[in-house]
Protein chains: 2
Amino acid sequence: MLKLDYSYLMAEVVGDRCGVTETELAAAAADVSRIHGELMFSHQEGGLPFYDLPFQKDLDALLELADDIAGRCDDLVVLGIGGSALGTSAVARALLPLSHNLLGPQARGGRPRLFVLDNVDPAGINALLDLLDPARTCFCVVSKSGTTVETMSQFLIARDWVEKACGESFRDHFVLVTDPERGVLRRLAREEGYRSAEIPAGVGGRFSVFSAVGLLPLAAAGVDVRGVLDGAAAISPHLRNDDLFANPAYLNGLIQYLLYGKGVHISVMMPYSDRLALVSDWFRQLWAESLGKSADLSGATVHVGPTPVKALGATDQHSQLQLYMEGPFDKVVTFIVPDKLEQLPIPPPAGVPELAYLGGRCLSELLLAEQRATAIALARSGRPNCTIRLADISAETVGALMFTLEVQTV
Amino acid sequence: MLKLDYSYLMAEVVGDRCGVTETELAAAAADVSRIHGELMFSHQEGGLPFYDLPFQKDLDALLELADDIAGRCDDLVVLGIGGSALGTSAVARALLPLSHNLLGPQARGGRPRLFVLDNVDPAGINALLDLLDPARTCFCVVSKSGTTVETMSQFLIARDWVEKACGESFRDHFVLVTDPERGVLRRLAREEGYRSAEIPAGVGGRFSVFSAVGLLPLAAAGVDVRGVLDGAAAISPHLRNDDLFANPAYLNGLIQYLLYGKGVHISVMMPYSDRLALVSDWFRQLWAESLGKSADLSGATVHVGPTPVKALGATDQHSQLQLYMEGPFDKVVTFIVPDKLEQLPIPPPAGVPELAYLGGRCLSELLLAEQRATAIALARSGRPNCTIRLADISAETVGALMFTLEVQTV
C-alpha cells in the first residue's frame, strides 16, 4: 500500500552537505530499537492510546449515529479548530468526490454537504449560515475540553441560529464530540440531552482523526471510514517493527531528525495529487505542535523544531520550486505520489504542431513525469528529497498514510 | 487605507537576538534612496512596467470583453498555473462573496461561477468538467508564452470537451490571455479567431494580477476591478517616496532584508481574515520566485532566499503558533488585519456559565483580540512581527495591499 523511497536523501546521491549516510543510519539503529522498546512499553502500560484507534471494535454505534445525522440534514457543519478540524478536512478532500459540495443531493447519494468551520472570522460564518437552511442543517461540535473559545463561540452562534428558526427542537441539530467524562460539552450532553460521541481519554487533537472527531462527520458525509481504519490497521504491524529499514515511519522520522542536525530546518510536504492536498495541512499541525519546543525532555532550553511547509505538485513547481532548487540548503522535500491516477487522455493537438509532443499522452503521465523530473533535479542540486508512494488513493491507503505519519511524528 | 505597524520588530521590544535597531534602519536609508533612484530611472527608461498597471487607461475594451464572457456562460474556468492563477484566486476570495460558487445564478447577480484550474491532476479536471455544461462554460486560457505545458494540456482537453458538445462554435467558449505579439496562443487568436487579451510586454507572471491576467476573469465574475486599480493607484505615490519611513513597501522590504541577515530565514504571512487567506498564496510565489536565487547580480554563487510560509489567523494559532513561539529564532511574522470586520454578536451563553465572558461580545472582537494577544506574545518571546493594517476589506484596500507587496518585493 505504501512505500518510502529514500534514495535521493542519501549522501552518495545529493552529496555530503545535506545527505544522509548509510553509516549514520546504521549507527542510529540501536537508538531506534531502544526508543521502540520504550514506546511499546508505554503503550502496554496504557499510554499512547492512538495506537489502538485503528482496531476499535465498537464502530457500529458511531456509524448508526452518523447515518442518523445524515438522514436529518442536507448540510453538516463541523465546528472545530486545529486538530478538531484538519483531519476531517484532509480525509474528506481525499475520499469524497472533489466537487462533493457542488453536487446535488442525488449525486451525493443523499449524503449531506460537509463544511468545516475552523475560524472565527464573522465574514466566513455569515457567508456560510446565509447559505444554509437551519431546518436541514446539523452541527458537529468538536472540543475535548469544551472550553476552546473559537469553537464555543461558534456553538453559541449556531445554537441561537437554529433555535430562532426551529424552536425547542434545536438540540436535535447538534452532536457534541467531546471528553467522555468532563467539560462543558459533556455536561450539556448529559443534562440537556444533546447527542454526543466520545474522544477517548489520552487521545490529543493532533492524533484524533481516527476517533469520533474525524470518523463521525466523515461517515455522515459518506466516507468509507471502516476502509480508512482497515488501512491503518493493515500497516500497523510494519509500524511496530523495530527494524528501521522495514518501518517507513521510523526510517523517515530518523532521516528527518538527522537532516535537522545538518541545518535542514524546513520540511516540505508536496503531494502530487489534488486529493491529497490537505493531508499537508493536517500534517503541518501534527509535526509543528509535536516537535516545536522551547525545552527538551530534561527541561533544558533548546528552542528546536523543524518548520513544516505545505506545497502541491505540479502547481507549486510554478511557485516554490526555484527557491527549493536555488535557495539555501535548508529544506527536505517529501513527495507523496499515488501510483494509480485517473485516466484522462490529452486529445491530439490539431493545428498546434508546437504541442505535438503531448498528443496521445495521458494527463497522469504528464503529472508523474513532472514529479520524477522535480525529484531528480532537486537531488542533482544537492537537495535531499524522498517519495512516499501509495498504490492508489483509496480509503485504505489514506488510512495507512496518515497512521504512518502519526507514528513518524511520535 | 494601509498602515505598517513595525514596533514589534524593533530590538528594544523583541531583544537584540533578532530585533532591528533604529541605527540599522537609519544606516540603510542612503542605500534605500540610491536603489529608489535606480528603480525610478529604470522605470523611466521603460523598465518595470508593472508600476504603470494601476493607471491603465484602456480598461473599457477589457470590461466589455468581460461582460461579453459573463453573458455567455454560467461557469468561467481559468486555465493557468503559478502567476497566471494565484492573483485571480486571491482577489476573487477577497472580493467575491465567500460562498460565490455555492450561490444560485440570481444571488450571483447573473455572474458566472469562477473556477481556477491550476493543476494537471486528472482527478481535479475530471471532477470539474463532470460538473459543468459545456454549452454554458467559458475558459480563460492564461499563458504568456503559450508553451506552459500544464496550461496547454488543459487547453487541449477543454477544447476537445467543448467541441464534442458544441461543434464548430467551440472557439466562442475561449478567451486567450497571452503575449501581444508572440507565441502559440497569439497565433491561434490571430489565425483562428479566438477572442483574446494581452499581457503587456515586460510584465511577468508574478506581477501580472493588475493586467488582463487577473482583471479579465475577475471582472467577468463580478469583481469591481476599477476599484482594485484605484486602490493601487491611490497608494502609488507613497510607494514612490524615497523616505523610508513614509514608504511601507520600502520599510518592510528593508526590515525583511535586515532580518534575513540575522538568520531569520522564514517569513510567515498571517492574515486574520478568511477573505485574505489566499493573498498569502499569491505572495508566496511572488516572494519565493523573486528572491530565491543561486547567484547574486554579479553572478557569484550565493544560494539565498527567505522561505515564505502561509498561515491564517485565528485558525493556525491551533496549528503553527507553538512552533513560532517556542521553536528556533528563524521567523518573522507579518500579520494582515482589517480594522473593520463584519458584525456578528455572540449570543448570551444561556445555561453555560463557563462561557459568560463571551456574552455581549462580537465575534470580530474575539478575532482581533486573538491577533493582538498573538502579536504581543510573540514579541515577548523575542519573535519579531509586524502588522499591516487595512482600513477594511474592499476593492481599494485589496488593490493597495497587493501593489504594496509587489513594490516591497522589487
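What you see is a predicted model, and the numbers here were worked out from it, not measured in a lab. Naming convention: chains lettered A, B, ... in sequence-line order (proteins, then strands); numbering from 1 in each chain.
Looking at A:Leu366, only its side chain comes within 4.5 Å of chain B, counting heavy atoms on both sides. With a 4.5 Å cut-off on non-hydrogen atoms, A:Ala107 does not touch chain B at all. In this structure, the portions of A:Pro349 lying under 4.5 Å from any heavy atom of chain B include both its backbone and its side chain. Only the side chain of A:Thr148 comes within less than 4.5 Å of a heavy atom of chain B; its backbone N, CA, C and O stay farther away. Residue contact with chain B, scored on non-hydrogen atoms closer than 4.5 Å, involves the side chain of A:Leu312 exclusively. For a residue to count as touching a neighbouring chain, one of its non-hydrogen atoms must lie under 4.5 Å from one of that chain's; by this rule A:Phe283 does not touch chain B. Residue contact with chain B, scored on non-hydrogen atoms closer than 4.5 Å, involves the side chain of A:Leu188 exclusively. For A:Glu289, the parts lying under 4.5 angstrom from a heavy atom of chain B are both the backbone and the side chain.
Within the model, atoms CG of A:Asp330 and CG of B:Asp330 stand 9.0 Å from one another, a figure rounded to the nearest 0.5 Å. Here A:Leu344 contributes atom CG and B:Ile157 contributes atom CD1; the two are 4.0 Å apart, rounded to the nearest 0.5 Å. Separation of atoms CG (A:Leu363) and CD1 (B:Ile125) is listed at 4.5 Å; rounding is to 0.5 Å. With rounding to the nearest 0.5 angstrom, the CE atom of A:Met152 is 8.5 Å from the OH atom of B:Tyr357.
Chosen from A:Ser84, A:Ala127, A:Pro122, A:Cys362, the residue pairing most often with chain B at heavy-atom distances under 4.5 Å is A:Pro122. In terms of heavy-atom pairs under 4.5 Å with chain A, the best-connected choice from B:Thr147, B:Leu286, B:Asp281, B:Ile266 is B:Ile266. In terms of heavy-atom pairs under 4.5 Å with chain A, the best-connected choice from B:Ala288, B:Gly82, B:Pro328 is B:Pro328. Note on B:Val309, B:Val184, B:Asn101, B:Asp130: by heavy-atom pairs under 4.5 Å with chain A, the leading option is B:Val184. Among A:Lys293, A:Gln154, A:Gln320, A:His265, the residue with the largest count of heavy-atom pairs under 4.5 Å with chain B is A:Gln320. Among A:Met325, A:Glu192, A:Glu370, the residue with the largest count of heavy-atom pairs under 4.5 Å with chain B is A:Glu370. Of all the listed residues (A:Val149, A:Asn126, A:Leu355, A:Asp274), the one sharing the greatest number of non-hydrogen pairs under 4.5 Å with chain B is A:Asp274. Of all the listed residues (B:Gly205, B:Ala295, B:Gly292), the one sharing the greatest number of non-hydrogen pairs under 4.5 Å with chain A is B:Gly292. Counting heavy-atom pairs closer than 4.5 Å to chain A, the top-ranked of the candidates B:Leu98, B:Val120, B:Leu358 is B:Val120. Between chain A and the options B:Gly83, B:Gly146, B:Gly313, the largest number of non-hydrogen pairs under 4.5 Å is found for B:Gly313.
Residues B:Glu326 and A:His303 share a closest heavy-atom pair of O-ND1, 2.8 Å. Here the closest heavy-atom approach between residue A:Ile346 and residue B:Ser153 is recorded as CD1-OG, 3.9 Å. Contact record, B:Pro347 with A:Asp160: CG-CB, 3.4 Å, taken as the closest heavy-atom pair. Annotation for A:Arg187 and B:Val352: closest pair NH2-CA, 4.1 Å, computed over non-hydrogen atoms. Nearest heavy atom pair, residue B:Pro348 against residue A:Arg159, reads O-NH2, 4.0 Å. Between B:Leu323 and A:Pro308, the shortest heavy-atom distance links the atoms CD2-CD, 3.7 Å.
Side-chain contact check for A:Gln285 and B:Ser319: no donor-acceptor pair (N or O, by modelled atom type) lies under 3.5 Å. Looking at A:His318 and B:Glu150, their side chains do bring a donor and an acceptor atom within 3.5 Å of each other.
Sorted by first then second residue, the salt bridge (charged side-chain N to carboxylate O under 4.0 Å, His left out) pairs that include residues 357-369 of chain A, not counting sequence neighbours, are A:Arg361-A:Glu365.
A 4.5 Å side-chain heavy-atom check between A:Ser99 and B:Leu128 finds every atom pair outside the cut-off. The shortest side-chain heavy-atom distance between A:Leu102 and B:Arg113 falls under the 4.5 Å cut-off. With a 4.5 Å cut-off on side-chain heavy atoms, B:Lys331 and A:Thr307 count as touching. The shortest distance between side-chain heavy atoms of A:Ile81 and B:Gln317 does not fall below 4.5 Å.
At least one donor-acceptor pair closer than 3.5 Å links the side chain of B:Asn119 to the backbone N or O of A:Ala314.
With sequence neighbours left out, the ring pair (Phe, Tyr, Trp, His ring centres under 6.0 Å) criterion links A:His100 to no other residue.
Salt-bridge check for A:Arg284 with B:Asp316: passed, with a basic side-chain N closer than 4.0 Å to an acidic carboxylate O.
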